[in-house]
Structure formats: C-alpha cells, structure tokens
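Letters A, B, ... are given to chains in the order of the sequence lines, protein chains preceding strands, and every chain is numbered from 1.
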Protein chains: 2
Amino acid sequence: MTTPAPTDQAPASQGDWLRLDQQICFSLHAASRAFNGVYRVVLKDLGITYPQYLVMLALWEHGDLPVKKLGEHLRLDSGTLSPLLKRLEAAGLVRRERSARDERSVEVRLTEQGVALRERAVQVPRRITASTGFDIEEIRELRTRLDQLTSMLDAAALTETPGCE
Amino acid sequence: MTTPAPTDQAPASQGDWLRLDQQICFSLHAASRAFNGVYRVVLKDLGITYPQYLVMLALWEHGDLPVKKLGEHLRLDSGTLSPLLKRLEAAGLVRRERSARDERSVEVRLTEQGVALRERAVQVPRRITASTGFDIEEIRELRTRLDQLTSMLDAAALTETPGCE
DNA sequence: CACAATTAAATTGCGCACAACTAAATGGCG
DNA sequence: CGCCATTTAGTTGTGCGCAATTTAATTGTG
C-alpha cells in the first residue's frame, strides 16, 4: 500500500524519493571509500595512511605549519589532528614544537625523513589518476563540482544547525 | 605516454603534480565529510547516523535481508555491520534472527518501529537535496560520474593489490 | 593590575571502516 | 561416513572524524 510502484514517469512518490536519495548519498559514500581503498594500496609503500598523506601534502606545499593552520587547510580539528600528528611523529616524519612566541601554538615541522619522503611520493598522483581512468579534464571538472557541493553543504550545515531555524 | 604532462602551457613539475593531487583527493574527501555533516544534522531528528540510515534505506527498499546481502548492497563487511546492527537493534528498529534454514546466516528484520520510521524519513531527501543547491539533473549527472569512478577504482584496487605489479 | 573572554591543543567518548582472525555451520569429495 | 574447504557472522585491533570537554596561554577591558 505504501509501496512505491512508480506509474510510468510518475511525480515521484515518497518511495521513489527514498530510492533516489539512496542512490545520491550512497554514490558519494561509496566513491569516497573506493578512493580511500586505492590510496591505501598505493600508500602502503610509503607507510602512511590517506589522511596522513594529506597532512604531508600540506606540509610539502606550505612548509612548517601550526596545527591550527593545518586544520584550516584540511578542514580538520585538533581532535583528529593531534593523534594523527603523534603517529607521524612516531614514524619520524614530523616534529611537533611549542611555539616560543605563542605557547598555545604547536608548530609541525618536517624532519629530514619527512622531506625525503616527498621524492617517493611524486609517483603517487600518476598511479591514482591512472586508477580512475579519467583524463585530466574530467578530473578537473569533477573536482570543481565536488568543491561546489562542499561549499553549499557547509553553508547549509550552518543554517540547518539545531536552534537556527 | 607515461607522463601525461600538459607541455603546452604549464610544464607540470613534480611539485605541481602533488599539488594537483592534493586538490583531487582532497575535494572528494571534503565533499564526503561535508555531506556526512548535513546528514548528521538532518538525521538527528530520527536518532540514527548516516550509515545506519543507509541500512534502513536498504531494508525499506528490499525488505528483510540477511547480513550478507545487506553487505553486498552497501559494500560493507560484517566487521562494520555487526556492531552497527547491534546498535539498530538496541534502538528497537530491527531484530536479528538466525536463519532456521542456514544457521550461519542472520536475518535482519524491520520491527514495527523500524517500519514506522520510514514515514518520518521521507522528508530527508528533500532537505538534503535543498542543501546541495543542485537540481535533479545536476545531481543525477554527478551520481553517474561518481558511480563510474567507483567501479573504476574498485577494478584498479584488485589489480593494484600488493604482489600484482 | 586583575579578571573575564577568547584562543589553541589535547583529551575523552562514540561510531564507522577495514584488515586479520576466530567460531560455527554447510557442502563436497574420497 | 568422515574429513576438509568454504561460507557466514562475529571479534579484535588500528585509525579516522567529530562533538564535547579540559587545560593552558593570551587578549581585552575596566
């Protein structure tokens, strides 16, 4: 009775909506995990995880950064970064040092090993890109779409926050 | 063409590659988390998480399912599903029953409460869709792209498995 | 100067994802 | 029939993501 049974090109019953929705949210969820899986394989050589790789990319690009700035680049908070950075430190790739100027702040610095790892990481993008089967242009387009989606969703999360309606 | 460097303008140094890579993988990572964040807000009313919502969608659409089938629909293994289903059971939304026919299998069944929750869930897709700011067609296109990406990555993960290169 | 508000990290707690392993039931094959 | 490989769930351990809280340093204000 409440069961869907779409009448031809019917005006989307409630059941249809739930099915459509599953496809949308599920697709992104699955894609993200699939991507993660390929990175896991490729990064195994380097001995780091995918989120750790993102941190290293940020450091290679911008140089030493305080945890705060790192979090802004990656959209991650200290709850996620603190333990992750400890693991990178244990692996000998970074050091964490309290800033002398502002004792609240912790500077994340690449060690020599961390800098050296970059040489072995340069092969990663090509392997990943090859895995997608997409060409540069397709990837660029998808990225643009996703960034657009992210900024929309971030904005929506603010207005949707409980108590703000 | 081992190196698909766009020689026409930017020579794409190794640094450029890493920067590009950061943008690509980061975009997907960020989009996935942003999506998750909006779902977290919207699903708070229903008292379930995003992955739990995916399980409920599968059950609403296909009816009772063994854990195995559920995992195939969602691409999740028992390591993820077992504790998740326990929480759904504790919330009174599903029951888990050993199949009489095959004692290895566990049937996941919707409770009355689980069925009833569907009525309150039908509003979710519209709220999510509104949050994206995309129209139906844009979403469909993005979904297609993501599904394509996922199947490519899944295939690649198999051939990239350690020991296969 | 004293004191409240703000800021930066870290910590705690919960849930998800996944690899690796265990336990139990089933099916096949000699 | 008896034994072994396979199948299905569950368990364990590690790491990520995030909300909420805590601690310490800094800033702002009277």
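At least one donor-acceptor pair under 3.5 Å links the side chain of B:Thr144 to the backbone N or O of B:Arg140.
Considering only side-chain N and O atoms, B:Arg40 lies under 4.0 angstrom from the phosphate OP1 or OP2 of D:dA19. Regarding contacts with the backbone of D:dA9, every side-chain N or O of B:Ser78 stays at 4.0 angstrom or more from both OP1 and OP2. Put simply, A:Arg75 has no side-chain N or O that comes within less than 4.0 Å of OP1 or OP2 on D:dC18. Note on A:Arg33: a side-chain N or O is less than 4.0 Å away from OP1 or OP2 of C:dC18.
No hydrogens or angles were tested; on distance alone, nothing pairs the side chain of A:Ser105 with the base of C:dA8 as donor and acceptor under 3.5 Å.
Judged by the 6.0 Å and 45° rule, B:Arg127 forms no cation-pi pair with B:Tyr39. Taking the ring centre of B:Phe134 as origin, the terminal cationic atom of A:Arg145 falls inside the region bounded by 6.0 Å and 45° from the ring axis.
Using a 4.0 Å heavy-atom criterion, one finds that A:Asn36 contacts no nucleic acid atom at all. Counting any heavy atom pair closer than 4.0 Å across all strands shown, B:Leu84 reaches sugar-phosphate atoms only and no base atom. Looking at heavy-atom distances under 4.0 Å, A:Thr49 makes contact with sugar-phosphate atoms alone, never a base. Within the nucleic acid shown, A:Pro66 comes within 4.0 Å of sugar-phosphate atoms alone, with no base atom in reach, counting heavy atoms only. Across all strands, A:Lys86 comes closer than 4.0 Å only to sugar-phosphate atoms, never to a base (heavy-atom distances).
Closest approach to the B:Lys68 side chain among D:dT26, D:dG15, D:dT8 is made by D:dT8 (side chain taken as heavy atoms from C-beta onward). Of the candidates C:dA9, C:dA17, C:dT7, the closest approach to any side-chain atom of B:Thr80 belongs to C:dA17. Closest to the side chain of B:Pro51, out of C:dT6, C:dA9, C:dA17, is C:dA17. Proximity note for B:Asp102 (side chain, C-beta onward) versus C:dC18, D:dA24, C:dA25: the nearest is C:dA25. Considering only side-chain atoms of A:Ser82, the nucleotide from C:dA10, D:dG17, D:dA9 that sits closest is C:dA10.
Aromatic ring centres of B:His29 and A:Tyr50: separated by under 6.0 Å. A centroid separation of 6.0 Å or more is found between the aromatic rings of B:Phe26 and A:His73.
Looking at which nucleotide of DNA chain D each of A:Pro83 and B:Arg96 is closest to, the 5′-most match is held by B:Arg96. When each of B:Tyr50 and A:Glu107 is assigned the nucleotide of DNA chain C bearing its nearest heavy atom, the one mapping closer to the 5' terminus is A:Glu107.
Residue B:Leu76 contributes atom CG, which lies 14 Å from atom C1' of C:dA19 at whole-angstrom precision. If you take CZ of A:Arg101 and C1' of D:dA24, they are 20 Å apart, rounded to a whole angstrom. The nearest whole Å value for the distance from the CD atom in A:Glu103 to the C1' atom in D:dT27 is 16 Å. Between the CZ atom of B:Arg98 and the P atom of C:dA25 there is a distance of 8 Å, given to the nearest Å. Between the CG atom of B:Leu85 and the P atom of D:dT8 there is a distance of 16 Å, given to the nearest Å. Rounded to whole Å, the distance from NE2 on B:His29 to C1' on D:dC18 is 12 Å. A:Asp77 places its CG atom 16 Å from the P atom of C:dT12, with the value rounded to the nearest Å. Across the protein-nucleic acid pair, A:Leu43 atom CG and C:dC18 atom P stand 15 Å apart, rounded to whole Å.
Nearest heavy-atom pair, A:Glu97 versus A:Arg109, reported as atom, atom and distance to 0.1 Å: OE1-NE, 2.8 Å.
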